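What follows is a set of notes on a single structure, which appears directly below.
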Amino acid sequence: MATHGSHQAESPEQARVFLWALPRSISTAMTKCMSFVDGVQVWFEPYLYSYHNEKMLTGDIVQLTTDMVKETPRGKRIDNDLYQYPWVKSQLETQDPDKELIFIKDMAHVMNKRYEYLPTSKKFRHTFLIREPIRMYSSFFNMVESFPATPGAEHKTTKMLLDNMYDTDRIYEYTYNLWKYTKEHLDPDAIIIDSTEMAAQPEKLLPKYFEAIGVPYRERYLNWDPRSDIITEWIASFQSLMADYGNGVITTAADSSCFMPEKPLPSRARLSPDILHCIESAQPYYDEMYAQRLKP
């Protein structure tokens with residue numbers, strides 16, 4: 001396992017791919033799809049866990065005592081308090097030579113002002129998963145509103161709750177900035193895919209994605225085992241991943257067996273002023289990235 005630091009050699013044929021995502025952009029479904037690629041090792045959101053630890057000022061961000069967590073096999077998941085930006089960089093720069101593909105799924109916006117913690121090897125491919133702001137923000141706000149209320153939260157708006165952790169209306173800006181940085185310094189051919197197009201036309205877009213990252217494509221990757229126990233094979237925070245599965249953040253994706261087309265576009269008339277503000281802030285960044293996307 002990579003965290004043991006026992007593998008120093010590199011496989012000349014090994015592909016290394018970042019999937020930098022926006023929240024609520026089918027990135028976990030994409031990760032589950034990639035989990036069935038031959039010879040893969042998946043890292044799940046190591047920089048996001050580091051960001052949460054940094055924001056919370058402690059590694060003990062999730063305390064779960066439910067039987068579900070106690071009885072769940074740990075697999076390759078490790079304790080949350082290990083996740084710090086420098087540690088993640090060192091782990092990603094230490095490759096397992098027995099793997100054909102190292103696939104790292106993470107949130108792009110948590111790298112803002114932290115580019116020094118990216119692996120510097122040009123062998124990493126950087127790919128970006130984007131989604132229309134109206135779809136992303138309406139889903140993001142709905143997700144937060146579905147969580148049980150915490151003490152003191154009853155007098156806060158959803159955006160205020162999100163802003164406690166993120167620069168909510170700058171998520172697209174930070175994603176755009178990371179895309180520009182990777183193109184200039186790490187991967188001039190950084191790839192963009194749109195989540196709505198992937199969900200609607202995976203039979204067209206997924207083979208092109210595989211070709212772009214240099215990984216052999218198999219038609220069987222369009223459908224996968226619906227059981228969620230594959231997530232025990234991901235290198236991830238044991239506590240955080242189980243919390244995300246238990247509270248519904250990744251449950252649908254973890255139980256999925258294929259990509260599913262999205263629901264109709266939300267009505268702007270029904271969106272709050274806070275969501276509309278976020279959409280307005282995000283739209284120019286999304287539009288420029290969308291124009292450069294890999295098309296179906």
Side-chain angles (χ1 to χ4, degrees), residues 16-31 34 42-55 83-85 88-89 91-92 102-122 124-137 139-140 143 162-163 165-199 209 212-213 234 236-237 240 244 249-250 253 278-279 281-294:
R16 308 173 201 173
V17 180
F18 277 101
L19 180 67
W20 296 110
L22 292 164
R24 315 307 293 166
S25 61
I26 72 164
S27 59
T28 302
M30 186 78 177
T31 305
M34 299 300 294
V42 170
W43 282 77
F44 189 80
E45 299 183 346
Y47 287 116
L48 179 63
Y49 301 142
S50 302
Y51 177 85
H52 286 168
N53 282 347
E54 184 180 281
K55 292 288 286 188
Y83 287 90
Q84 304 292 335
Y85 282 94
V88 172
K89 179 181 179 180
Q91 293 301 309
L92 296 180
I102 306 297
F103 185 81
I104 310 108
K105 177 261 191 179
D106 224 313
M107 295 289 110
H109 64 98
V110 303
M111 297 308 297
N112 182 52
K113 298 181 179 179
R114 299 172 178 86
Y115 299 155
E116 68 270 25
Y117 299 119
L118 291 168
T120 56
S121 172
K122 299 294 179 66
F124 282 90
R125 296 303 316 276
H126 291 265
T127 69
F128 290 78
L129 184 62
I130 61 173
R131 192 184 189 194
E132 290 172 273
I134 189 172
R135 293 184 185 275
M136 192 286 273
Y137 278 115
S139 177
F140 201 23
M143 179 192 74
L162 282 168
D163 285 346
M165 186 64 69
Y166 310 113
D167 296 331
T168 312
D169 54 0
R170 303 184 72 181
I171 287 175
Y172 281 75
E173 176 189 349
Y174 295 164
T175 300
Y176 173 91
N177 290 344
L178 179 62
W179 170 57
K180 286 292 191 179
Y181 179 87
T182 57
K183 283 178 66 67
E184 182 176 349
H185 298 283
L186 300 172
D187 182 2
D189 299 316
I191 301 159
I192 299 170
I193 52 176
D194 183 81
S195 66
T196 301
E197 292 179 342
M198 178 62 81
Y209 180 74
I213 63 176
W234 298 350
S237 160
S240 294
D244 284 346
V249 173
I250 67 167
C278 288
I279 293 170
S281 299
Q283 198 68 48
Y285 301 105
Y286 170 79
D287 289 344
E288 184 171 339
M289 294 184 74
Y290 182 79
Q292 301 296 318
R293 78 198 187 282
L294 186 66

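Every value quoted in this text rests on a predicted model; they were computed, and no experiment measured them.
- A heavy-atom distance below 4.5 Å is found between the side chains of Ile193 and Met30.
- Evaluation of the salt bridge (charged side-chain N to carboxylate O under 4.0 Å, His left out) test over residues 103-113, restricted to residues two or more places apart or in two chains, returns Glu45-Lys105.
- Among residues two or more places apart in sequence or in another chain, the ring-ring contact (aromatic ring centres under 6.0 Å, His included) test is passed with Tyr176 by Trp179, Tyr285.
- Distance alone, capped at 3.5 Å, is enough to place a donor-acceptor pair between the Arg114 side chain and the Asn112 backbone.
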**OP:** Give the intermediate values and the outcome of side chain to side chain contact (heavy atoms under 4.5 Å, CB included) for residues Gln292 and Lys183.
**Re:** CA-CA 12 Å; Gln292 301 296 318; Lys183 283 178 66 67; over 6 Å; no
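- Every residue meeting the side chain to side chain contact (heavy atoms under 4.5 Å, CB included) condition with Arg170, not counting sequence neighbours, appears here in chain and number order: Asp167, Glu173, Tyr174.
- Applying the side-chain hydrogen bond (donor to acceptor under 3.5 Å, both in side chains) criterion to Tyr115, with sequence neighbours excluded, gives no partner residue.
- By the side chain to side chain contact (heavy atoms under 4.5 Å, CB included) test, Asp287 is found to be paired with Gln283, residues two or more places apart in sequence or in another chain being considered.
- Residues passing the salt bridge (charged side-chain N to carboxylate O under 4.0 Å, His left out) test with Asp169, sequence neighbours excluded: none.
- The side-chain heavy atoms of Tyr290 and Glu197, taken from C-beta on, include a pair separated by under 4.5 Å.
- The distance from atom CG of Leu22 to atom CE of Met136, rounded to the nearest 0.5 Å, is 5.5 Å.
- Residue Ile134 comes nearest to Ile279 through the heavy atom pair CA-CD1, 3.6 Å, listed as atom of the first residue, atom of the second, then distance.
- Contact between Leu186 and Thr120 at its shortest, heavy atoms only, is CD2-O, 4.0 Å.
- Remark: Thr196 pairs with Arg131, Glu132, Arg135, Asp194, Glu262 by the side chain to side chain contact (heavy atoms under 4.5 Å, CB included) rule, at least two apart or across chains.
- Taking each heavy atom of Arg16 and Ser121 in turn, the nearest pair found is NH1-OG, 3.9 Å.
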**OP:** Determine, stepwise, if the pair Phe103 / Ile213 fulfils side chain to side chain contact (heavy atoms under 4.5 Å, CB included).
**Re:** CA-CA 11 Å; Phe103 185 81; Ile213 63 176; 5.7 Å; no
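- Atoms OG1 and CD1, on Thr175 and Ile130 in that order, are 9.5 Å from each other to the nearest 0.5 Å.
- Across Ala253 and Ala29, no two heavy atoms sit closer than the pair CB-N, 3.6 Å.
- Taking the six-membered ring where tryptophan is involved, the planes of Trp20 and Phe18 are essentially parallel, since the angle between them stays under 30° and well short of 60°.
- Looking at Leu178 and Leu118, their side chains come closer than 4.5 Å, going by heavy atoms from C-beta outward.
- Taking CZ of Arg125 as the start and CG of Asp187 as the end, the distance is 4.0 Å to the nearest 0.5 Å.
- Here OG1 of Thr127 is found 9.5 Å from CD1 of Ile104. Values are rounded to the nearest 0.5 Å.
- Remark: Tyr85 engages Tyr47, Tyr117 in a ring-ring contact (aromatic ring centres under 6.0 Å, His included) (not counting sequence neighbours).
- Taken from CE in Met111 to CD in Glu116, the straight-line distance is 7.5 Å, to the nearest 0.5 Å.
- The side-chain hydrogen bond (donor to acceptor under 3.5 Å, both in side chains) test applied to Tyr51 returns no partner, not counting sequence neighbours.
- Residues that satisfy the side-chain hydrogen bond (donor to acceptor under 3.5 Å, both in side chains) test with Thr168, not counting sequence neighbours, are Asp163.
- With sequence neighbours excluded, no residue forms a side-chain hydrogen bond (donor to acceptor under 3.5 Å, both in side chains) with Ser25.
- The CD atom of Glu184 sits 10.0 Å away from the OG1 atom of Thr182 when rounded to the nearest 0.5 Å.
- Here the closest non-hydrogen pair linking Pro23 and Met107 is N-SD, 3.7 Å.
- Nearest heavy-atom pair across Phe124 and Leu92 is CZ-O, 3.4 Å.
- With sequence neighbours left out, Tyr172 forms a ring-ring contact (aromatic ring centres under 6.0 Å, His included) with Tyr137.
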